[in-house]
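The analysis underlying the following values was restricted to heavy atoms, covering all of them including side chains, and did not include hydrogens, waters or symmetry mates. In what follows, chains are A, B, ... by sequence order, proteins preceding strands, each numbered from 1.
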Amino acid sequence: MMIYSTMSGKKEPFQPMHKNRVNIFVCGPTVYDDSHIGHARTYIAFDVIARYLKHKGLSVFYLQNITDVDDKIIQRASELGIEPAVLARKFERRYLEDMRTLGVTNVNLYARATEHIPEIIGQIERLVDLGFAYETETGVYFDESRFEDFGKLSHQTLEEMERHRIDPDPTKRNSGDFSLWKKREDGAEVTWDSPWGRGRPGWHIEDTAITETYFGPQYDIHGGAMDLIFPHHEAEIAQMEATSGKKPLVRCWMHTGFLNVKGEKMSKSLGNFMTIREMLERCDADAFRLFVLLAHYRSPIDFSEEVLEQSRKSLERIRHLIRIIEEQLEMPGGIVESEEVDPILIKAKVGFLEAMDDDFNTPYALSVIFDLVRDINRRINEKTVSKKALKDTKQLLGEFGGIFGISFSSGLEMSAGKEEDMTRDLIKLMIEIRQKLREKKDWELADQIRNRMKELNVVLEDAKEGGKYTLSEEDCLNRKAYNLR
RNA sequence: GCCGGGGUGACUGACCGGUUAAGUGCGCGGCUGCAGACCGCGAGAAUUGGGUUCGACUCCCAACCCCGGCCCCA
């Protein structure tokens, strides 16, 4: 399996450090507000990566931090006149709800920064003892000039990075030195005791404190979006490699591309964002997952209603085949019987695995799925497919869906409450009546029924034997004009 | 300025030095009373200029353009 690493700038064979075990850490959110769909893109991508690694038989431990102490949280909380911790817990809960709705279910442990303060302090102490960090009146800083590898991830030199820093703290030795501990005597803020007085952790230290706690000084994969490469990940490398003396901190650095709107990065500051919640009000989570997977994880993707709608229709195409297969399987006989595994299925399976093994090429894997769908559709029409092959197809699509975290199943047999049972019976009644009318060639009345039903979101489809129906789903982001920006 | 990622058909978006990517949309045909779904066929592509090559969307060089990072950010 090949994975692209930001460090080397190319695809490298992936070998876990410990036999079958993969330790993966992905930078989590700062919980001061609802997450937007750009965050969702990254977390869906890594969810699928974790799912695939598991599918390969690896034992995956997926760790994510929750930044629950930070300037933005403190600021937002004071604006709202509530405790920072209350604010952080609220948005952490909402974030976790969003992830569950999106099917992002493979994180083994969410680690809060505030629950690792002793580990953070311990790591800073070691850095100070080793001479990589120093204390000033304002806090404790990492001395980048002491760490010669600084810049190796973002491929920059120290001099290059020192330019254009905005208002460096005057007590720092080098303008690029970053904060490990911020001294804060102010009683209103969130603070902890430390060897350097009361204060709170700097930006980067929580991640290495957390990963060291659960993984040790080295692990397999570190993920995040591209904007974290510098300075955040660079700082993590400096902190941990300086502390432990062991290199590299991680074997493989993986970074996702942005979700853009009209070519620009979606972000809070630009105001062009849509929260996950807003999106989910209008769109099936599975359609959004497909939208994300239709592009490679490292490529930027441009979000628009139109493309999301295209994704929804593409998903329908797959689901429709499953529906057809289920119908076919219920029909007695009439189809060629065979016990052989169909070559079409082998081709699909091999193609899918090859695509995923090649740096998680989900767009290509999807094209393999669509090829399979087309091939099976054709064979169903030609009546040259065995029931076994249909069962296998359904099973295989289920397997692919499981890796993508997308339900490809038809959705027709949803929870059947009494009312839904009755609705179904009523629809079937209408189909029967229409059938009689059609036999009498009363097209006008038959069409009228079909049109009226369609207005009620029940789409009737005529077929030789009777007829069938689907409940049409709302367009992803239908009608309601939703203005981005 | 430095670093990184890009420029592919109407839209989204991959692979690969020579063979159809794929999806959506569109056109034609089939099936249909019609429609839908489905099937078949089809149109349509590679920012520009050089170079390497028998042959380049794919490699190299240059130019142009876009996006991102360098304070915070998935």
Side-chain angles (χ1 to χ4, degrees), chain A residues 6 9 26-30 35-46 64 67 70-72 151 153-157 159-168 176 203 223-232 234 255-260 262-270 273 290-291 294-296 298-302 304 306-318 320-321 323-324 354-355 358 361-371 373-374 377-382 438 441-444 446-447 450-451 454 459-464 467-470 472:
Chain A
T6 307
V26 174
C27 289
T30 301
S35 299
H36 59 62
I37 56 180
H39 302 108
R41 191 266 168 108
T42 291
Y43 298 128
I44 287 170
F46 282 107
Q64 194 172 104
T67 302
D70 141 287
D71 289 343
K72 280 199 270 268
L153 181 66
S154 54
H155 311 111
Q156 297 175 85
T157 63
E159 304 81 68
E160 285 162 2
M161 288 180 290
E162 298 222 2
R163 293 180 198 178
H164 305 287
R165 304 298 285 218
I166 294 171
D167 300 332
W203 178 32
M226 306 245 285
D227 50 356
L228 297 181
I229 294 173
F230 185 88
H232 188 53
E234 209 72 75
H255 292 101
T256 54
F258 292 122
L259 184 145
N260 295 330
K262 297 194 177 91
E264 282 187 315
K265 176 185 175 185
M266 176 174 284
S267 74
K268 303 256 164 160
S269 49
L270 286 171
F273 64 93
L290 192 71
F291 164 73
L294 241 15
H296 185 84
R298 282 190 281 114
S299 304
I301 44 180
D302 210 82
S304 72
E306 188 193 355
V307 179
L308 196 50
E309 180 62 16
Q310 287 180 5
S311 307
R312 210 204 92 240
K313 287 184 176 161
S314 303
L315 177 58
E316 267 310 301
R317 182 171 162 81
I318 302 170
H320 188 267
L321 174 63
R323 220 173 284 150
I324 300 285
E354 279 178 0
D358 182 15
N361 192 335
T362 55
Y364 195 85
L366 249 346
S367 82
V368 170
I369 291 179
F370 286 115
D371 286 340
V373 170
R374 192 199 328 105
N377 269 326
R378 182 195 298 141
R379 301 252 306 254
I380 289 174
N381 279 21
E382 292 168 353
R438 292 176 66 230
K441 300 201 191 294
D442 186 344
W443 312 125
E444 194 182 331
D447 287 353
R450 187 171 62 195
N451 292 336
K454 192 177 177 186
V459 180
L460 301 182
E461 294 177 20
D462 296 334
K464 275 146 237 149
K468 55 191 174 174
Y469 71 95
T470 48
S472 85

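Taking the P atom of each, A35(B) and U20(B) are spaced 33 Å apart, rounded to whole Å. Comparing C3(B) with A10(B), their C1' atoms are spaced 36 Å from each other, to the whole Å. Taking atom C1' in both G9(B) and A22(B), the straight-line distance is 13 Å, to the nearest Å. Separation of the C1' atoms belonging to A43(B) and C11(B) is 16 Å when rounded to the nearest angstrom. Spacing between C15(B) and C57(B) at atom C1', rounded to whole Å, works out to 11 Å. For the P atom pair drawn from A21(B) and A46(B), the interatomic distance equals 13 Å after rounding to whole Å. With both ends at atom P, the span from G1(B) to U12(B) equals 29 Å, rounded to whole Å. Taking the P atoms as reference points, A14(B) lies 31 Å from G51(B), given to the whole Å.
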For nucleotides 7-13 of chain B, tabulate all protein N/O to nucleotide N/O atom pairs closer than 3.5 Å, reporting atom names and distance.
unit_1 : atom_1 : unit_2    : atom_2 : d
C11(B) : O2     : Gln310(A) : OE1    : 3.3
C11(B) : O2     : Gln310(A) : NE2    : 3.1

I'd like a list of close polar pairs between nucleotides 39-42 of chain B and the protein, N/O only, cut-off under 3.5 Å.
unit_1 : atom_1 : unit_2    : atom_2 : d
C39(B) : OP1    : Asn377(A) : ND2    : 2.8
C39(B) : O4'    : Asn381(A) : ND2    : 2.9
G40(B) : OP1    : Arg378(A) : NE     : 2.6
G40(B) : OP1    : Arg378(A) : NH2    : 2.6

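Of the candidate nucleotides A74(B), A14(B), U24(B), A74(B) has the atom lying nearest to any side-chain atom of Asp227(A). Counting only heavy atoms from C-beta on, Gln156(A) has its side chain closest to G69(B) among G4(B), A74(B), G69(B). Closest to the side chain of Ser367(A), out of A22(B), C3(B), U24(B), is A22(B).
Residue Gly224(A) is classed as a sugar-phosphate contact, given heavy-atom separations below 4.0 Å to backbone atoms only. Using a 4.0 Å heavy-atom cutoff across all strands shown, Phe258(A) reaches at least one base atom of the nucleic acid. Among the atoms of the strands shown, only primed sugar atoms or phosphate atoms (P, OP1, OP2) are found under 4.0 Å from some heavy atom of Tyr43(A). Residue contacts for Asp70(A): at a heavy-atom cut-off of 4.0 Å it reaches no nucleic acid atom on any strand shown. If you check every strand for non-hydrogen atoms under 4.0 Å, Leu228(A) touches sugar and phosphate atoms only. Gly9(A) comes within 4.0 angstrom of nothing in the nucleic acid, heavy atoms only.
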Arg312(A) vs Glu309(A), salt bridge (Lys or Arg N to Asp or Glu O under 4.0 Å): CA-CA, chis, key distance, verdict: CA-CA 5 Å; Arg312(A) 210 204 92 240; Glu309(A) 180 62 16; 2.6 Å; yes
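Rounded to whole angstrom, the span from the NE2 atom of His155(A) across to the P atom of G5(B) amounts to 8 Å. Atom NE2 in His39(A) sits roughly 5 Å away from atom C1' in A74(B) (whole-Å rounding).
Mapped onto RNA chain B by nearest heavy atom, Asp358(A) and His232(A) fall at different nucleotides, with Asp358(A) at the one closer to the 5' end.
Remark: Thr362(A) pairs with no residue by the side chain to side chain donor-acceptor pair (under 3.5 Å) rule, at least two apart or across chains. Listed by chain and residue number, Trp203(A), His204(A) satisfy the ring pair (Phe, Tyr, Trp, His ring centres under 6.0 Å) test with His232(A) (two or more places apart in sequence, or in another chain). With sequence neighbours excluded, the residues that form a side-chain contact (heavy atoms from CB on, under 4.5 Å) with Thr6(A) are Leu153(A), Ile229(A), Trp253(A), His255(A).
Interface remark: the Asn260(A) side chain does not form any donor-acceptor pair with the G68(B) base, using a distance-only criterion of under 3.5 Å.
Contact check, Lys265(A) against G69(B): a side-chain N or O comes under 4.0 Å of OP1 or OP2.
A stem is defined here as three or more consecutive Watson-Crick or G-U pairs, each with both distances under 3.5 Å; for RNA chain B these stems are B:1-7 with B:64-70, B:10-12 with B:22-24, B:26-30 with B:38-42, B:47-51 with B:59-63.
In this structure, Leu290(A) and Ser311(A) approach most closely via the heavy-atom pair CD2-O, 3.3 Å. Met226(A) and Thr256(A) make their closest contact through CG-O, 2.7 Å (heavy atoms, listed as atom of the first residue, atom of the second, distance). Residues Phe291(A) and Val307(A) approach most closely at CE1-CG1, 3.6 Å, considering heavy atoms.
For the pair Phe258(A)/Met266(A), no side-chain contact is recorded, criterion being any heavy-atom separation below 4.5 Å from C-beta on. Taking the side chain as every heavy atom from C-beta outward, Asp227(A) and Lys265(A) approach each other to under 4.5 Å.
Stacking between Trp443(A) and the base of G33(B) is present: ring centres sit under 5.5 Å apart and the planes differ by under 30 degrees.
Under a cut-off of 6.0 angstrom, the local environment of CD in Glu444(A) is sparse, with at most 12 non-hydrogen atoms contributed by other residues, nucleotides or ligands.
Side-chain atoms of Asn361(A) come within 3.5 Å of backbone N or O of Tyr364(A) as a donor-acceptor pair.
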